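Note that the coordinates shown come from a computational prediction; the quantities given were computed from them, not determined experimentally.
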Amino acid sequence: MEKQNYDAGLPVTNAPFNLCVRHGDLVARFRVRAESMQSTTEEVAATAEVPAAVARYLRSSDLPLAGCVWPQLAGLDWTGAGLALEPRAANAGDAVGVTGAFAAIAETGTLMFASGPDTPSSVSLLPETHVAVVSTARIVAHMEDAWSLARGELRQLPRAVNFVSGPSRTADIDQTIVLGAHGPYRVHIVLVRT
């Protein structure tokens with residue numbers, strides 16, 4: 001199988017996809033892979049633009065404008081964007097959950113979450129719609145790079161590390177793909193350029 005050398009534009013055999021990947025290529029690669037897993041993505045220039053981006057996505061999909069948000073993101077102006085997001089863990093009644101992400105993996109379009117008091121896992125797992133806010137500086141090439149980041153930045157591994165690659169899905173019945181079987185039906189990723 002041929003891989004693409006992103007610096008030279010030349011095919012390279014048996015080489016990792018990011019042989020010479022630049023940061024901008026990681027962002028583009030992450031978006032392509034995440035979208036191939038049925039996530040949707042949007043880029044914004046600054047963190048202050050995130051609430052408006054989340055509101056725009058929810059309105060465009062005719063989704064509820066209320067739910068929960070990681071306490072870590074409570075300082076953003078959710079109310080000013082017309083959203084009623086409470087900073088807490090999710091419960092069964094939440095239709096929307098907004099999180100950050102510890103890292104994003106370009107190779108697979110996967111989000112990595114490290115649980116904690118300000119980053120409860122339930123917010124990405126229980127609501128039917130999950131919106132993740134990711135700094136482009138947190139996009140790494142491979143899963144091994146995400147684990148290296150975790151070992152380097154976290155004093156100890158959290159109780160749970162979760163990986164999310166698009167909406168929940170199963171093909172348990174008649175080998176037919178069903179989205180949202182064990183978690184969110186929708187995953188939208190807001191990338192904040194850094």
Practice task
Hey, could you give me the OG1/CZ distance between Thr136 and Arg31, rounded to the nearest 0.5 Å?
Solution key: 11.0 Å

Handout entry: Minimum heavy-atom distance between Leu111 and Ala101, given as atom pair plus value
Key = CD2-CB, 4.3 Å

Problem - Pairwise distance OG(Ser124) to NE2(His130) - rounded to 0.5 angstrom - result: 5.0 Å

Problem - Interatomic spacing from NE2 in His142 to CG in Leu26 - rounded to 0.5 Å - result: 8.5 Å

Exercise for the section: Over all heavy atoms of both residues, which pair between Pro87 and Ala74 is shortest? Give the atoms and the distance, please. Expected result: CB-CB, 3.6 Å

Practice task
Would you please indicate if the ring centroids of Trp147 and Phe163 are separated by under 6.0 Å?
Solution key: yes

Practice task
Not counting sequence neighbours, list each pair that qualifies as a ring-ring contact (aromatic ring centres under 6.0 Å, His included) and has a residue in residues 35-62.
Solution key: Tyr57-His188

Problem - Spatial distance of atom CD (Glu35) from atom OG1 (Thr40) [nearest 0.5 Å] - result: 7.5 Å

Practice task
Mind checking the OG-CG spacing from Ser115 to Leu157? Nearest 0.5 Å is all I need.
Solution key: 10.0 Å

Handout entry: Ser122 (side chain) donor-acceptor with Ala90 (main chain) under 3.5 angstrom
Key = yes

Problem - Distance-minimising heavy-atom pair for Ala141 and Ile105 - result: O-CG2, 3.8 Å

Exercise for the section: Give the cluster check for Val164 versus Val32: same hydrophobic cluster or not, with ILVMFWY residues linked at side-chain heavy-atom distances below 4.5 Å. Expected result: no

Practice task
Without swapping roles, check the side chain of Arg33 against the backbone of Ala106 for a donor-acceptor pair under 3.5 Å.
Solution key: no

